[in-house]
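So the structure is just underneath, and the comments pick up after that.
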Amino acid sequence: MIRSLSIIKKTWFSKNTFGLEFSLPGIKPRPGQFFQVRVNDSMDPFLNRPISIASYSGNRLLLIIKIIGKGTNILSKRREREQVTLFGPYGKGIVPKRQKSILLAGGIGVAPLHFLAQMHYKRKIPFTFLYGAKTYDEIILKASIKHMANRSIFVTEYGSGRRGTVVSAVKGMDLSDYAIVYACGPQAMLIALQQLHLPLPVYAFCEDFLGCGCGLCLGCAIMYNGTYKRICEDGPVFELERIHFEN
Amino acid sequence: MIRSLSIIKKTWFSKNTFGLEFSLPGIKPRPGQFFQVRVNDSMDPFLNRPISIASYSGNRLLLIIKIIGKGTNILSKRREREQVTLFGPYGKGIVPKRQKSILLAGGIGVAPLHFLAQMHYKRKIPFTFLYGAKTYDEIILKASIKHMANRSIFVTEYGSGRRGTVVSAVKGMDLSDYAIVYACGPQAMLIALQQLHLPLPVYAFCEDFLGCGCGLCLGCAIMYNGTYKRICEDGPVFELERIHFEN
Amino acid sequence: MKIKLFGTHLKNRVLLASGVFGFGLKFKRVTNSVGAIFTKGITAQPRKGNPPPRIYETSSGMINWVGLENPGVEYFCTNIIPQLKKLKTRIFVNIAGFTMDEYEHSVERIGDTVDGFELNISCPNVKEGGIAFGQNAKMASMVVARARKKTRLPLIVKLTPNFCDPLVIAKACVEAGADGISLINTVYATAYDIKKRKPLITGGLSGPAIKPFALYCVNRVRNVGVPIIGMGGIVSGQDAYEFLLAGASAVAVGSVVLRDPYAPLRIIKELKKFIYQETKHAR
Amino acid sequence: MKIKLFGTHLKNRVLLASGVFGFGLKFKRVTNSVGAIFTKGITAQPRKGNPPPRIYETSSGMINWVGLENPGVEYFCTNIIPQLKKLKTRIFVNIAGFTMDEYEHSVERIGDTVDGFELNISCPNVKEGGIAFGQNAKMASMVVARARKKTRLPLIVKLTPNFCDPLVIAKACVEAGADGISLINTVYATAYDIKKRKPLITGGLSGPAIKPFALYCVNRVRNVGVPIIGMGGIVSGQDAYEFLLAGASAVAVGSVVLRDPYAPLRIIKELKKFIYQETKHAR
Ligand SMILES: Cc1cc2nc3c(=O)[nH]c(=O)nc-3n(C[C@H](O)[C@H](O)[C@H](O)COP(=O)(O)OP(=O)(O)OC[C@H]3O[C@@H](n4cnc5c(N)ncnc54)[C@H](O)[C@@H]3O)c2cc1C
Ligand SMILES: Cc1cc2nc3c(=O)[nH]c(=O)nc-3n(C[C@H](O)[C@H](O)[C@H](O)COP(=O)(O)OP(=O)(O)OC[C@H]3O[C@@H](n4cnc5c(N)ncnc54)[C@H](O)[C@@H]3O)c2cc1C
Ligand SMILES: Cc1cc2nc3c(=O)[nH]c(=O)nc-3n(C[C@H](O)[C@H](O)[C@H](O)COP(=O)(O)O)c2cc1C
Ligand SMILES: Cc1cc2nc3c(=O)[nH]c(=O)nc-3n(C[C@H](O)[C@H](O)[C@H](O)COP(=O)(O)O)c2cc1C
Ligand code: FES
Ligand code: FES
């Protein structure tokens, strides 16, 4: 679906991360699903930017975007009431299992996991939210996470608060109580997590440069179970153990 | 000079023509001079847009821009207090002669001639302002022109008001009183004007696709007196009789 | 906008370029609206394609290095063609290969179950074969001649503008029996990873960045004597019309569908207006 | 960022590409800050250049069809060189020609009054000569060999990526005595006038649109044995650095100065940071 939606609300969550809210009735999105966001009408940037659903509740769609480079920088200048062109929701996403789980977010990886947390919360599935960022300022959505999660842990690499990475934090946890882990963050984090070989299934939300975002171009690929899968169409959520990271 | 200036005021003169005002002390521009206006930071559009000085008074610079295509369309979305990058003023422009003159504007050609009118008015040089547009709505700056000009004539091709083109209008005028004509408008108008062979010198404000706008790239050319001149550096004002229009 | 091309009737002049719409089995509203679809490149053997990253964005364009990921001609014939038959559009199968035998084999194997073939002798993303045939008139002509013997269906040859003159190659292909020429395939391109200080991706450049180059190439080949399918950077009906002015009989849209899978519908509509204007003008 | 190139010391690795800064006599703050300037192409006879329009904007790029407007080598020697001598930068004269004699003549006439030559055998904007020499290894090698006999100054050859493999041509040029290779010159391009329904301009494409193609070409030629001046679409220090990664010893900036005549100053500064990072890394 192609949609031109008006920005109902724009919120700055941190100095380089902002949220855009849209009214979008009639979709039934799954966590992990994302929209391909048109940056502007210019041919530079040429491709859309994949942005996960961070919240969907009462027909209100929230996208949270961290400024990384050219495209997200231009998007950050959009204002309320301006139109944004979106394609999607794309991706298979996941249907959350009814099992006690850990949501493990690194950096902007918090966005799709926040939507997953929302689902858990609505369905009364207990979960712990473990969330790490470089500095304390970069921790966003804290109140909402605290409100929904049975337990929430925030770690940072520098500055105040509990020190460390989410990977080191999960390593030190007693996991006997949990049945499943969902993780989203930079690839380096996913690789470190994979090396822990946790004794429970881990579902990873993966990233890559996307072309179409909808299975047409074969531009995204992830080596999974010995064959290439589409991040956009077959994922972006995959069982971590079976991924072979190549780049 | 490269300058990043804040838009002090934005005005819509007609439904597709707007003005941007900047504070810019310390320049002594001549009519016909223009700025190379950066559209945005994207590489598409790649080149700057040449825009004439439409008014300069009390350190206030006014640029008037008609929406034509991609670049001017993007510029039309700029708001007050946003920054615009400008290079210039470029071009030789002209020093108005102290002689009674006719200012002959077609369409957006009114912009540089408005600045010329301002100069005439300040120096108390008498002039008639003859200004044509497609429709009456497109006639802009009417009050200001009426205020400054000794006589002003507005003609339109369609709709209310006096009918006709500036070329047909000037053809019907008694020119014995005047010493000089300044003309700015589409090339078709300049060609038609040239064919009239008016009995007094005509100075034409010319256009072309510009590259650099400042004499570096040899990308603009006008056949003048048998050799190629730079529109940007040697003009954009040339004696109409000596121009050989090629495109 | 109906046209007759290669003896077949097409709904309109806007086709889907190879590789950007898979086999046309998704977004069927789009597939069923275009004049024809060129499938993703098919090789004799299945290929898993290149490791990620396969795509990299550039100014007004993109580089791809997909590497001809496809299930191979056997699977294609058994599992895909039956589905393609249900589409309401013409199907041209893009055939890639590493040896001349492979091209010949695939064409023969597919037989006359589709509407035609596009011989891809211009893919910059594989090491052997492919583009090497497209850069050499003699080899190009051999590939075409051998495929020609195996099919009576329309045989289009897709050319590269990379380091060879498409006119020279096009002439050789037409002499060897090609019914049409499509161009351009992507342009050689490299992007660097400045952190790792080595190439991030080496592949083919496409998108609006290459449009002026593509128009040049199409115009250069225009008098070769067979219909030309023009492509490279088309994002609007105006772009498409420019390719017709340059000598193309139809156009194919590629990268723009990554930006907007519904773009072909818009382009068809916009192009209609230009063609209408022109015919009005001619009256 | 000082470097020694062709036996000469340059202030830094950012040079001004031919044709976008005239003779370097305007914006002297910029001219005097770059490592060297390549002058606008000089021909044996004066040339008035092509009729307008000479420039056309495209997505992330532009087409130019200036047509080597220049006052000819005599005027250049008598009137321009004395002024060039006052600049605080190195001067490489871009030499264009329509016959081999012309190249030879211009090089000889200019003698050793400048810092070196760039033989332009790659201009797409003139009908005869020029690019034809650059598309053929044998002819390229003859042009170079003849110029070589006339000068001991650094002799750089500027190559085209149009319809020929720059590596093949580069090898021939080096064998014939070239001290350096610069690439890429502009890419063949056409733009259409949809109102008049005919080509508006046919010329050379430059700007960010061609950067990925240019990087590919530079990387391809990197081991040819002489220093390479890389160019094509550079607009930032990062772009410049990417060309160094691709194998260039220095870079030239072209079209970006049309967008911003002061861009070279910024690019020098930005590139310094990248090079500093790298040497820090190496320590
Ligand atoms: C399925 C998916 C969901 C995502 N969800 C979110 C989200 O909710 N919020 C958020 O802030 N970010 C999200 N990202 C990452 C986001 O898409 C990139 O940060 C963004 O595209 C960067 O664009 P840019 O122009 O600012 O950066 P640039 O570096 O200038 O982009 C250049 C090119 O690289 C691509 N690119 C750069 N970084 C990434 C990356 N990490 N992943 C994929 N492509 C990249 C861009 O799409 C573009 O094609 C998601 C990515 C994927 C694949
Ligand atoms: C010396 C000079 C002074 C000018 N002063 C003014 C002014 O005060 N107000 C105003 O509204 N316009 C003025 N123009 C015309 C204005 O520059 C063009 O209308 C504008 O560049 C169109 O840009 P676009 O992206 O909207 O159009 P597009 O058609 O999308 O532009 C595509 C390309 O064509 C060029 N172009 C298109 N039309 C023209 C044109 N008529 N002249 C030159 N280049 C063109 C653009 O610069 C760009 O490179 C002036 C032009 C020149 C040469
Ligand atoms: C992601 C991608 C995959 C492609 N795969 C193929 C292919 O399999 N076979 C082929 O002949 N061309 C392939 N192409 C080239 C396109 O068909 C087209 O020739 C080229 O992209 C230029 O058109 P565009 O600028 O509109 O994309 C591919 C292009 C892209 C962007
Ligand atoms: C307006 C213009 C004029 C040019 N004139 C010449 C020339 O006279 N001789 C030459 O060798 N190259 C000429 N070039 C090519 C540039 O030197 C350069 O090789 C090319 O533009 C690619 O670099 P860029 O993308 O940074 O512009 C010209 C380029 C432009 C844009
Ligand atoms: S991005 Fe196109 S298939 Fe995944
Ligand atoms: S526009 Fe560059 S010289 Fe006039």
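So that the names make sense, note that chain A is the first sequence line, chain B the second, and so on, each numbered from 1.
More than 12 heavy atoms of other residues, nucleotides or ligands sit less than 6.0 Å from atom CE of C/Met100. Heavy-atom neighbours of D/Met139 CE from other residues, nucleotides or ligands within 6.0 Å: above the threshold of 12.
Taking CG from C/Leu200 and CD from D/Glu242, the interatomic distance works out to 10.0 Å, rounded to the nearest 0.5 Å. C/Thr190 contributes atom OG1, which lies 11.0 Å from atom NZ of D/Lys211 (distance to the nearest 0.5 angstrom).
Both the backbone and the side chain of C/Phe213 come within less than 4.5 Å of a heavy atom of chain D. Interface residue D/Phe274: only side-chain heavy atoms are found under 4.5 Å from chain C. The contact between D/Ile194 and chain C is made by backbone and side chain atoms together, counting heavy-atom distances below 4.5 Å. C/Leu205 touches chain D through its side chain: at least one heavy atom from C-beta onward sits under 4.5 Å away, while N, CA, C and O do not. At a 4.5 Å heavy-atom cutoff, the contact between D/Leu245 and chain C is made by backbone and side-chain atoms alike. Of the two parts of D/Ala246, the backbone and the side chain both hold a non-hydrogen atom closer than 4.5 Å to a non-hydrogen atom of chain C.
Relative orientation of the D/Tyr216 and C/Tyr188 rings is parallel, given thresholds of 30° and 60° on the angle between their planes.
When the candidates C/Ala214, C/Gly61, C/Pro166, C/Gly207 are compared by the number of heavy-atom contacts under 4.5 Å with chain D, C/Pro166 comes out ahead.
Minimum interatomic distance between C/Cys164 and D/Phe163 (heavy atoms only, all atoms of both residues): O-CD2, 3.1 Å.
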Go through the steps to decide whether D/Gln238 and C/Tyr192 satisfy the test side chain to side chain contact (heavy atoms under 4.5 Å, CB included), and finish with yes or no. CA-CA 10 Å; D/Gln238 177 175 328; C/Tyr192 278 82; over 6 Å; no
